[in-house]
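Please read the structure below before turning to the comments.
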Amino acid sequence: MKVMKRPTTTILRIALCLTVLLTTSVAAQAQNASRHRLFSADVRRLQPSPVYDFLEQALADYQAQRVDRQLILKKVEFARGSWNTLATVRPDDECQISILDDRRYVVVWLRGGSELVTLSFPVDYELLSGSTRRQLERSLVSRLRTYRAPQTALHLPATTDGLTRRADNLYVKAGGSFKPMPKVKGDTYYTIGSNARPAFVCDRHYPAETLANILLAAVRPSAVLSLNFLMSDNNHQQADVTVGQWLSFCQKEGSTPYYIYEGFDGTTHSAMLVADNPQWGYAHMLHVTCRASELTVEVPRMKAKAYLYIPLANVTDFFATTPKGRSGKKTYR
């Protein structure tokens, strides 16, 4: 009988890898467990914010005197108190978080009605996440490709209450606007059907409104977006996703969608779809094109150029450098 030799070297390597992974995992758990808690579990659950992890990690880095984090720590400015005072904050202390001029987080802790600590730092997604824009872009594309949107039902208003009449049989439901560019809106559009109830507009005679409903309300959730991701490192990538997939993914990340119709060149409609995330300080922009023949079919196929993680602080300047912005044909502010 032939006796097979055991691959001792391979087993040892696997054991070593497992030991390293286990050690790393235990060390990470120990670090998280020892990190000073500034916010309660209830606050984290009820009011999600990137502020919590950022400040707790920044305090831990200060206490550990991490040299590699000094540039990050310098971005945190104290109006009252200091890092040492922050270390005395308890999770049950009253805390107020606000965003000043869309650019800086301001965090205030009070105890017994008296101000204990006041600090501020930029609303900057790279600072908050600890990752570069290039890393975040690659991660988003990878996660989006495998993301599966949950099944959701379309919600139609029962009456015209809350709708504004725009034309004979055209009503609009206001959905807010993109603050840096107020003409970019979240409005959806309706007609009154034969049953005297509102229905989503889907009509080639109303292309701007129909496209808004497709891209904002996902009235055609299986509509295909062929995305060309124009990455900041010029290593562009492509992916086909559904509108429902894109909207659900962005909303899960805390973004709100907004839209503006750009025009019609005789064969193709164009529009811009924005995913606004003020808590992290960025927006994603899709420049969408849809052939007129696709507008009212059951599963439209559209193309889009995707720009990811545009800092909100200079989003209007960024848009001015795109072809549409340079053309002078459209003004979105």
request  = Begin with the C-alpha distance, continue with both residues' side-chain angles, and end with the deciding distance and a verdict on side chain to side chain contact (heavy atoms under 4.5 Å, CB included) for Leu136 and Tyr282.
outcome  = CA-CA 12 Å; Leu136 292 169; Tyr282 69 76; over 6 Å; no

inquiry  = Walk me through whether Asp92 and Arg90 qualify under salt bridge (Lys or Arg N to Asp or Glu O under 4.0 Å).
reply    = CA-CA 5 Å; Asp92 59 349; Arg90 301 189 298 257; 3.4 Å; yes

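Between the side chain of Arg204 and the backbone N or O of Pro207, no donor-acceptor pair lies under 3.5 Å. A donor-acceptor pair is defined here as one N or O able to donate and one able to accept, closer than 3.5 Å; such a pair exists between the side chain of Asp187 and the backbone of Gly175. Proximity of a side-chain donor or acceptor of Gln96 to a complementary backbone N or O of Val108 within less than 3.5 Å is not detected. Of the possible donor and acceptor atoms, none in the side chain of Asp102 sits under 3.5 Å from a partner among the backbone N and O of Leu312. A donor-acceptor contact shorter than 3.5 Å is absent between the side chain of Tyr189 and the backbone of Ala212. For His287 (side chain) and Ser270 (main-chain N/O), no donor-acceptor pair under 3.5 Å exists by modelled atom type. Remark: side-chain polar atoms of Gln245 are paired, donor with acceptor, to backbone N or O of Leu144 under 3.5 angstrom.
Inspection of the Ser142 and Arg138 side chains reveals no N or O donor paired with an N or O acceptor under 3.5 Å. For Asp240 and Ser226, the side-chain atoms include at least one donor-acceptor pair closer than 3.5 Å. Residues Gln57 and Asp61 have side chains that bring a donor and an acceptor to within less than 3.5 angstrom of each other. Defined by atom type and a distance below 3.5 Å, a donor-acceptor pair is missing between the side-chain atoms of Thr160 and Tyr190.
Between the OG1 atom of Thr268 and the CD atom of Glu262 there is a distance of 12.5 Å, given to the nearest 0.5 Å. In this structure, Arg197 CZ and Thr159 OG1 are separated by 8.5 Å, a value rounded to the nearest 0.5 Å. Atom CD of residue Glu126 and atom CD of residue Gln135 lie 9.0 Å apart, to the nearest 0.5 angstrom. Interatomic distance, Asp276 CG to Met285 CE, rounded to the nearest 0.5 Å: 9.5 Å.
Taking the centre of each ring, Trp109 and Phe39 come in below the 6.0 Å mark.
Using a 30° and 60° split on the angle between ring planes, His269 and Phe264 fall in the parallel class, below 30°. Under the 30°/60° scheme for interplanar angles, the aromatic rings of Phe54 and Phe121 are found to be tilted.
Closest non-hydrogen pair, Gly186 versus Tyr258, comes out as N-CD2, 3.5 Å. Taking every heavy atom of both residues into account, Arg111 and Asp93 meet most closely at NH2-OD2, 2.8 Å. The two atoms that bring Pro257 and Leu273 nearest to each other are CB-CD1, 4.5 Å, heavy atoms only. Residues Pro300 and Leu295 share a closest heavy-atom pair of CG-O, 4.5 Å.
Evaluation of the salt bridge (Lys or Arg N to Asp or Glu O under 4.0 Å) rule for Asp68 yields Arg66 as partners, not counting sequence neighbours.
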Identify all side-chain donor-acceptor contacts of residues 71-84 below 3.5 Å with residues at least two apart in sequence or on another chain.
residue: Ser82; atom: OG; partner: Asn84; partner atom: N; Å: 3.3
residue: Ser82; atom: OG; partner: Thr85; partner atom: N; Å: 3.4
residue: Ser82; atom: OG; partner: Thr85; partner atom: OG1; Å: 3.2

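In the hydrophobic cluster analysis, where Ile, Leu, Val, Met, Phe, Trp and Tyr join through side-chain heavy atoms closer than 4.5 angstrom, Val106 is grouped apart from Trp280.
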